[in-house]
Every structure is written in C-alpha cells, then in structure tokens.
K.L.:
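Dropping the structure in here first, questions after.
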Amino acid sequence: MKKWLTLLLLLCTICLTACSPAPSSNTEEFDDFIVVGFSQVGAESDWRNANTRSMQAALSEENGFRLIIDDAQQKQERQITAIRNFIHQGVDYIILAPTTEKGWDTVLQEAKAANIPVIIVDRMIEAEDDSLFTSWIGSDFRREGDTAVKWMEQHFGASPIRIVHLQGNIGSSAQIGRTAGLDEGLKNNENWQLVYRDTGDFTQAKGQELVEALLAENVDFNVIFAENDNMAYGAIDALKNAGLIPGKDVMIISFDANRAALDMVLSGEIAYDVECNPLHGPRVQAIIEKLESGLSTPKLTYVEESAFDASILTKEMIDSRGY
Ligand code: GZL
Ligand code: ZN
C-alpha cells in the first residue's frame with residue numbers, strides 16, 4: 001500500500017479514537033464488569049481487615065467485578081459521603097458495612113431513587129422500611145453475647161466475679177447485642193458485679209488504655225468482657241505490664257475468634273472466644289450473581305458461628321479456619 005495512504009489511514013484511526021466521546025460516567029470503562037461500591041467501616045480490627053480481604057478476594061476482576069472500597073475510619077458521615085459518591089459514579093451495587101444502626105434512611109432513599117441495589121453486611125441498620133436495602137448478611141450479636149454469658153455461668157458457677165466491660169463502638173449492632181447479653185447475665189447472677197464499663201472503640205490501643213487506667217486506680221476486678229479480640233489484646237498487654245497473669249489473675253472473655261486470639265485461647269491468656277465470622281465476600285458475591293440473573297434473594301441471612309475455649313480447641317482447628 002502507498003506510504004502516503006498508510007499514513008493517512010493511521011492519522012484517521014488516531015483521530016477517531018481520540019475524538020470518540022469520553023465515557024459518560026467513569027464507570028463507563030467498566031462496562032463488562034459489575035461495578036460495586038463498598039463503604040467499609042474502617043480498619044480498626046483484625047476482624048475488619050479479614051472482612052475487607054474476603055470482599056476483595058470474592059469481588060475480584062477475575063470474578064467479573066470492579067470493587068471500589070471506601071474506608072470510613074469508623075465515621076458514619078464519611079460513609080454517607082462515600083455512598084453519595086457511589087451514586088454519582090453510577091455503580092451497579094452498593095455494599096454498606098454500617099458503623100451504627102441509626103441514620104441511614106436519607107442516603108438509602110437516594111440510592112433507591114437512583115435504582116442502585118444496596119446490600120448491608122455485618123452489622124444491622126434501623127430502616128424506616130426494609131425496601132431501602134435488598135439483602136443483609138451478618139451475625140446475631142445478641143446470640144453471641146448470650147453464648148459468652150452461658151459459658152461464664154458454667155465456668156464461674158457461684159463464685160463472685162468483678163467484671164470490667166470493654167464495649168465496642170456505641171450504637172453498633174455488635175456492641176448492642178453483646179452488651180445486651182451481658183446485661184441479661186448480670187441480672188440473672190447476683191454473684192456477678194459490674195465494676196466498670198466503657199467503650200474501647202474495638203481498638204487494641206483503647207483497650208489497653210482503659211485497663212491501664214483501672215490498674216493505676218487499683219480497681220479490683222477479675223474478669224474482662226471484651227467485645228472484640230483487639231481490645232482483649234490491649235487488655236492483656238496492660239495486665240502483663242502490671243505483672244498480672246491473664247488467665248490466672250484475670251479471666252478474659254472475647255469476641256471475633258481471630259487466629260491470633262485463638263492462639264491465646266490455647267495458651268490460656270483468653271478463656272473463651274465467641275466467633276464472629278467476617279468472611280462475607282463469597283456470600284455477597286452469591287447474592288449479586290443471583291440478582292444479576294433476576295433471582296430474588298433472602299432479606300436477612302445470619303451466618304453460622306461457634307465459640308472456643310481451651311478444652312475443645314486444637315492447632316488443627318485454628319489452621320483450618322479462614323481468618
Ligand atoms: C462484628 C464487627 C465488629 C467486630 C470488631 O461483626 O462489626 O467490628 O467484632 C469489628 O472486631 O471492629
Ligand atoms: Zn463502554
């Protein structure tokens with residue numbers, strides 16, 4: 001072909017691609033992907049990081065997804081902004097792991113008006129009507145609290161216990177349910193005394209800080225009810241720094257059952273750990289794939305969970321778990 005003709009053709013091609021209209025919204029270039037906007041609580045705990053990893057592994061490009069994750073640093077207002085951005089970007093689905101139960105109606109109305117299905121994971125929300133979300137997957141936090149209390153009743157029997165209660169973020173379903181379980185236990189066991197209660201925001205640093213302050217004031221306690229493993233890790237550091245032996249001087253009950261915490265159950269530092277399963281990725285993937293093929297999905301799905309103390313736990317069990 002004549003050189004000048006090739007050059008002319010080349011110029012046309014370059015011009016055509018350069019002149020084609022920019023995609024209408026920046027999800028345009030994801031046409032052959034299912035675009036998912038995920039508003040994640042934050043990165044406050046091992047549980048949360050395992051939850052994020054599970055979502056990334058399931059909603060991957062090889063599985064046909066483009067996942068946009070926003071880390072709200074445990075602030076609801078940042079989640080509301082993230083959801084508005086997802087609506088603006090025109091994502092196909094919104095996943096919300098809500099920091100707290102209240103305050104979602106307005107922004108979820110906006111998602112509904114934009115015809116974007118919302119899937120709630122982990123904690124629950126209070127919604128004026130449940131058409132504001134398509135499906136919820138999470139844990140029964142009250143049941144988790146009751147499981148811990150049942151074990152405490154069996155383990156401590158009638159001996160007097162003085163409890164320090166490290167709560168999660170106030171207003172989150174995990175805190176509401178686990179606290180309700182303990183409150184029921186306190187009501188039913190007159191040999192139980194609550195000596196201190198405050199939120200450690202599910203973080204290791206805050207858990208350590210609270211227990212250090214109690215030890216500095218010589219508060220007398222022999223049980224710590226920590227609403228997640230990271231606060232338990234912080235409490236254990238504080239006890240050890242004060243020359244106390246966790247599992248001997250103070251018994252620790254915890255939640256999540258992360259790998260590191262289960263190792264501490266084996267070593268005796270944590271007496272009992274109630275599982276809260278973070279591996280929601282495949283469950284969300286299955287829900288989206290069902291919705292994509294026009295099938296309906298259950299409004300609420302509770303995940304199966306167990307609990308561990310040293311009498312039933314083995315290294316093999318720990319190694320066989322996904323987090
Ligand atoms: C529970 C989850 C809680 C975990 C904490 O489902 O919401 O938040 O128990 C995490 O570790 O920070
Ligand atoms: Zn396109």
Side-chain angles (χ1 to χ4, degrees), residues 34-41 45 47-60 63-65 67 69 79 83 86 91-102 104-105 107-108 111-112 115-148 168-169 171-178 180-181 202 227-228 255-258 274-307 320-323:
I34 301 172
V35 183
V36 178
F38 176 27
S39 170
Q40 176 58 296
V41 165
S45 67
W47 188 99
R48 187 63 55 197
N49 297 333
N51 180 249
T52 298
R53 282 195 300 274
S54 172
M55 301 292 258
Q56 287 168 323
L59 305 180
S60 63
N63 290 343
F65 294 89
L67 179 62
I69 302 186
Q79 291 199 286
I83 293 171
F86 294 149
V91 299
D92 299 313
Y93 292 87
I94 289 172
I95 303 175
L96 170 63
T99 41
T100 60
E101 292 200 346
K102 298 179 190 301
W104 301 103
D105 289 331
V107 75
L108 292 186
K112 184 178 173 185
N115 275 321
I116 301 176
V118 174
I119 298 167
I120 311 281
V121 292
D122 179 23
R123 304 169 185 175
M124 184 57 93
I125 63 165
E126 259 178 35
E128 67 204 11
D129 72 78
D130 69 7
S131 73
L132 289 179
F133 64 93
T134 303
S135 285
W136 170 87
I137 314 159
S139 302
D140 181 342
F141 300 105
R142 173 60 199 262
R143 198 179 64 80
E144 291 176 0
D146 292 343
T147 302
N169 296 85
S172 67
S173 314
Q175 176 271 313
I176 293 168
R178 294 168 188 165
F202 284 131
E227 290 187 355
N228 87 327
F255 294 82
D256 286 351
N258 291 295
V274 178
E275 179 186 8
C276 178
N277 192 291
L279 307 178
H280 294 321
R283 300 169 185 133
V284 171
Q285 179 187 356
I287 283 185
I288 291 179
E289 284 165 355
K290 264 192 177 166
L291 293 171
E292 283 291 291
S293 40
L295 297 174
S296 69
T297 56
K299 185 57 93 175
L300 303 177
T301 306
Y302 287 90
V303 296
E304 283 300 307
E305 296 172 332
S306 55
S320 69
R321 293 164 52 74
Y323 71 103

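The figures that follow rest on heavy atoms only: side chains count, while hydrogens, waters and symmetry mates do not.
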K.L.:
Without swapping roles, check the side chain of Q175 against the backbone of G168 for a donor-acceptor pair under 3.5 Å.
P.N.:
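Answer holds: no.
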K.L.:
For residues A148 and F255, report the shortest heavy-atom separation together with the two atoms involved.
P.N.:
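For A148 and F255, the tightest heavy-atom pair comes out as CB-CZ, 3.6 Å.
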K.L.:
Identify the two heavy atoms, one from V91 and one from I94, that lie closest to each other, and give their separation to 0.1 Å.
P.N.:
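Residues V91 and I94, closest heavy atoms: CG2-CG1, 3.8 Å.
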K.L.:
CD1 of I119 to CD of Q285: how many Å apart, nearest 0.5 Å?
P.N.:
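With rounding to 0.5 Å, CD1 (I119) is 11.0 Å from CD (Q285).
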K.L.:
Given 3.5 Å as the limit, does a donor-acceptor pair link the side chain of N228 with the main chain of F202, or not?
P.N.:
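Checking the backbone N and O of F202 against the side chain of N228, a donor-acceptor pair under 3.5 Å is found.
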K.L.:
Identify the two heavy atoms, one from T301 and one from P298, that lie closest to each other, and give their separation to 0.1 Å.
P.N.:
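Scanning both residues completely, I find the closest heavy atoms to be OG1-CG, 3.7 Å.
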K.L.:
Are any non-hydrogen side-chain atoms of N49 and R53 less than 4.5 angstrom apart?
P.N.:
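Yes, close enough: below the 4.5 Å cut-off.
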K.L.:
Run the side-chain hydrogen bond (donor to acceptor under 3.5 Å, both in side chains) test on T100 and S172 for me, step by step, so that the C-alpha distance in whole Å, both residues' side-chain angles and the decisive distance to 0.1 Å come before the verdict.
P.N.:
CA-CA 4 Å; T100 60; S172 67; over 6 Å; no
K.L.:
Between S54 (side chain) and A50 (backbone), is there a donor-acceptor pair under 3.5 Å?
P.N.:
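Such a contact is absent between S54 side chain and A50 backbone.
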K.L.:
Does E101 reach the main-chain N or O of I125 with its side chain, forming a donor-acceptor pair under 3.5 Å?
P.N.:
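No; zero donor-acceptor contacts below 3.5 Å.
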K.L.:
Return yes if some donor-acceptor pair links the side-chain N/O of N51 with the main-chain N/O of P278 below 3.5 Å, else return no.
P.N.:
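Yes, N51 side chain to P278 backbone: donor-acceptor pair under 3.5 Å.
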K.L.:
Distance from D256 atom CG to S45 atom OG, nearest 0.5 Å?
P.N.:
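So the CG of D256 and the OG of S45 are separated by 6.0 Å.
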K.L.:
Is the shortest side-chain heavy-atom distance between D122 and R48 below 4.5 Å?
P.N.:
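Result yes, sub-4.5 Å side-chain heavy-atom pair found.
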K.L.:
Taking E144 first and then R178, would you say they form a salt bridge - that is, a charged N and a carboxylate O separated by under 4.0 Å?
P.N.:
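Answer for the salt bridge query: yes.
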K.L.:
Grab the two heavy atoms, one from M124 and one from Y302, that are nearest each other, plus how far apart they are.
P.N.:
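Residues M124 and Y302, closest heavy atoms: CE-OH, 4.5 Å.
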K.L.:
Walk me through whether N63 and E289 qualify under side-chain hydrogen bond (donor to acceptor under 3.5 Å, both in side chains).
P.N.:
CA-CA 10 Å; N63 290 343; E289 284 165 355; over 6 Å; no
K.L.:
Roughly how far, to the nearest 0.5 Å, is the CH2 atom of W136 from the CD1 atom of I120?
P.N.:
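If we round to the nearest 0.5 Å, I120:CD1 and W136:CH2 are 10.5 Å apart.
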K.L.:
Please assess C276 against W47 for the test side-chain contact (heavy atoms from CB on, under 4.5 Å), listing each intermediate value before the final yes or no.
P.N.:
CA-CA 8 Å; C276 178; W47 188 99; 3.5 Å; yes
K.L.:
Can you tell if the side chain of F86 reaches within under 4.5 Å of the side chain of V35, non-hydrogen atoms only?
P.N.:
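Side chain of F86 against side chain of V35, heavy atoms only: no contact under 4.5 Å found.
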K.L.:
Can you tell me how far CG of L132 sits from CG of L96, rounded to the nearest 0.5 angstrom?
P.N.:
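If we round to the nearest 0.5 Å, L96:CG and L132:CG are 11.5 Å apart.
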K.L.:
What verdict does the side-chain contact (heavy atoms from CB on, under 4.5 Å) test give for E304 and E275, after you've listed the backbone C-alpha separation in whole Å, the side-chain angles of each residue and the deciding distance to 0.1 Å?
P.N.:
CA-CA 9 Å; E304 283 300 307; E275 179 186 8; over 6 Å; no
K.L.:
Are F38 and V121 side-chain neighbours, meaning at least one heavy-atom pair lies under 4.5 Å?
P.N.:
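Sidechains of V121 and F38: in contact.
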K.L.:
Spell out, as yes or no, whether a donor-acceptor pair under 3.5 Å connects the side chain of Q79 to the backbone of S39.
P.N.:
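Yes; judged by distance alone, with no hydrogens or angles, the pair exists.
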K.L.:
To the nearest 0.5 angstrom, please state how far the CG atom of L300 sits from the OG atom of S135.
P.N.:
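Reported to 0.5 Å precision, the distance equals 8.5 Å.
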K.L.:
List the steps, then state whether side-chain contact (heavy atoms from CB on, under 4.5 Å) holds for D105 with L108.
P.N.:
CA-CA 5 Å; D105 289 331; L108 292 186; 5.9 Å; no
K.L.:
Going by heavy atoms in the side chains, are T134 and L291 under 4.5 Å from each other?
P.N.:
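Counting from C-beta outward, T134 and L291 do come under 4.5 Å.
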K.L.:
Check whether any side-chain heavy atom of I116 sits under 4.5 Å from a side-chain heavy atom of D92, and report yes or no.
P.N.:
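Side-chain contact under 4.5 Å: no.
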K.L.:
T52 versus Q40: any side-chain heavy-atom pair under 4.5 Å?
P.N.:
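Counting from C-beta outward, T52 and Q40 do come under 4.5 Å.
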K.L.:
How about E305 and V274: do any of their side-chain heavy atoms sit closer than 4.5 Å?
P.N.:
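No. Closest side-chain heavy atoms not under 4.5 Å.
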K.L.:
Roughly how far, to the nearest 0.5 Å, is the OG1 atom of T99 from the CZ atom of R123?
P.N.:
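One gets 7.0 Å once the value is rounded to the nearest 0.5 Å.
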K.L.:
Using side-chain contact (heavy atoms from CB on, under 4.5 Å), reason through W104 and E128 one step at a time and then give a plain yes or no.
P.N.:
CA-CA 9 Å; W104 301 103; E128 67 204 11; over 6 Å; no
K.L.:
Cation over ring, K299 on F133, under 6.0 Å and within 45°?
P.N.:
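Flagged: K299 positioned over aromatic ring of F133.
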